[in-house]
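To start, the structure itself, in structure tokens.
Reminder, nothing fancy here: chain letters follow the sequence lines and each chain counts from 1. If you're wondering where the values come from, they're calculated on a predicted model, not measured in any experiment.
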Number of protein chains: 2
Amino acid sequence: MISNPLAKHKLTILYGVSLALLLFLLKWLELKLIIVNHAYEAYMGAIAIFFTTLGIWLALKLTKPKTVVVEKPVYINNGPEFTINQTELDKLGLSKRELEVLQLMAEGLSNQEISERLFVSLNTIKTHSAKVFEKMEVKRRTQAVEMAKRLCIIP
Amino acid sequence: MISNPLAKHKLTILYGVSLALLLFLLKWLELKLIIVNHAYEAYMGAIAIFFTTLGIWLALKLTKPKTVVVEKPVYINNGPEFTINQTELDKLGLSKRELEVLQLMAEGLSNQEISERLFVSLNTIKTHSAKVFEKMEVKRRTQAVEMAKRLCIIP
DNA sequence: TCCAAAATCACCCTAAAGTATGAGCTTGAT
DNA sequence: ATCAAGCTCATACTTTAGGGTGATTTTGGA
């Protein structure tokens, strides 16, 4: 909720100032109202309540909210005419080359065949495919293809 | 975090007891060490820290974690109803089990995962998949899936 | 009942896929 | 100019996929 250091400093300053004010208040009470030593319990309670409240307030302010991911179904039509879903493609952040590799994967080509098709080495395709899996958060090429088809990134 | 009333009572009692103990401690200090009035600031600071910490602890213990719901879209293909092409399926001559394996392959599962899904051994899945590739005249699972989708054998 | 097909599983081996890391080169934007 | 991102490639390693063969058990139909 609060993350920038300035805000944290503001809280610290506020804390210090309120502590000082409280001390002044207590001094004043002591001098003016002649609070006897045996009345400790009374304003000790007040102090306890005050700082406990302050602590609670601090805790509530400073705790980071817990995020809960809820999966929300989105239905898409997969009619005969295919139009690539640019939005989803952008979200994945695949590069031009990575998308090319993904498309050839979807055609059922092996890494070796893809490397020959694109005139690069097998290792390069492995690197690209690994990046694709990472960005798509999948483990295998079959999952990547399945997901890409569902997202309408490839026909 | 803690929701049953008994636990809350326990906390309250603990709170009260610790407050009482602190008061006794202060009294004892006052009597035995002769804390002068002007040394207020010192142990007031200690008290402040103690109760602030207590307040923070209480707040963390008693508040339910703040949650922020983040909706994650899950894309589902809900296009025109899929009808399997029985003619093409018959032409291939896939058995019931082989078709099952093919479908799970298309979902991106590994042979290991398929074997666990169907409660059979990994070797059995390998045998089935080999038969599928043979009947479909393909070399790899990715090709088999691509072909099956084109032939409308699987959605 | 008997047989062929289907289903199950095992073993061994090779090929392909995937992981991890590092490094050189290019390019576009600030 | 420089700096991040993309593309390229390599090496070494682990895991998974796939091929070949053989075997046992189930099962549906002639």
Next on the checklist: Applying a 4.0 Å non-hydrogen cut-off, can you work out what Thr127(B) is touching in the nucleic acid: base, sugar-phosphate, or nothing?
Outcome noted: base
Checklist entry - Heavy atoms under 4.0 Å, any strand shown: does Thr124(B) hit a base, just sugar-phosphate, or nothing? => result base
Item to check | side chain to side chain contact (heavy atoms under 4.5 Å, CB included) between Thr142(B) and Val145(A), worked out | outcome: CA-CA 9 Å; Thr142(B) 47; Val145(A) 169; 5.6 Å; no
Item to check | Close approaches to DNA chain C from residues 137-145 of chain B, in residue order (heavy atom, under 4.0 Å) | outcome: Arg140(B)
Checklist entry - Looking at residues 89-117 of chain B, who's got a heavy atom less than 4.0 Å off DNA chain C? => result Ser95(B), Lys96(B), Arg97(B)
From [atom1] ([X]) to [atom2] ([Y]), nearest 0.5 Å:
X	Y	atom1	atom2	value
Ser110(B)	Met105(B)	OG	CE	10.5 Å
Leu151(A)	Leu92(A)	CG	CG	6.5 Å
His128(A)	Leu94(A)	NE2	CG	11.5 Å

Next on the checklist: Looking at every heavy atom in both Leu118(B) and Val101(B), which two are closest together, and how far apart are they?
Outcome noted: CD1-CG2, 4.1 Å
Checklist entry - Taking all non-hydrogen atoms of both residues, which atom of Leu109(B) and which atom of Glu113(B) are closest, and how far apart? => result CA-OE1, 3.3 Å
Checklist entry - Which of these passes side-chain hydrogen bond (donor to acceptor under 3.5 Å, both in side chains) with Glu146(B): Lys149(B), Gln143(B), Arg150(B)? => result Arg150(B)
Checklist outcome for this item: Result for side chain to side chain contact (heavy atoms under 4.5 Å, CB included) between Asn111(B) and one of Thr124(B), Asn123(B), Leu122(B) points to Leu122(B)
Using whole Å, what does the distance between atom [atom2] of nucleotide [N] and atom [atom1] of [X] come to?
X	N	atom1	atom2	result
Lys135(A)	dC7(D)	NZ	C1'	11 Å
Glu134(A)	dG6(D)	CD	P	12 Å
Phe119(B)	dT8(C)	CZ	P	12 Å
Lys126(A)	dT11(D)	NZ	P	12 Å
Asn123(B)	dC13(C)	CG	P	15 Å
Ile125(A)	dT8(D)	CD1	P	7 Å
Leu118(A)	dT8(D)	CG	P	8 Å
Lys131(A)	dG18(C)	NZ	P	17 Å

Checklist entry - Between dA7(C) and His128(B), is there an OP1 or OP2 to side-chain N/O distance shorter than 4.0 Å? => result no
Checklist entry - Between the axis at one end of the helix from dT1(C)-dA30(D) to dT30(C)-dA1(D) and the axis at the other (five pairs apiece), what's the angle to 10 degrees? => result 60°
Checklist entry - Any side-chain donor paired with an acceptor under 3.5 Å for Glu107(B) and Gln103(B)? => result no
Checklist entry - Less than 4.5 Å apart, any side-chain heavy atom of Gln86(A) and any of Asp90(A)? => result yes
Next on the checklist: Heavy atoms from C-beta onward define the side chain here; which of dA10(C), dC7(D), dG18(D) lies closest to that of Phe133(B)?
Outcome noted: dG18(D)
Checklist entry - Is the backbone of Gly108(B) close enough, under 3.5 Å, to the side chain of Arg140(A) for a donor and an acceptor to pair up by distance? => result yes
Checklist entry - Has the side chain of Lys131(A) got a donor or acceptor atom that lies under 3.5 Å from a matching backbone atom of Glu98(A)? => result no
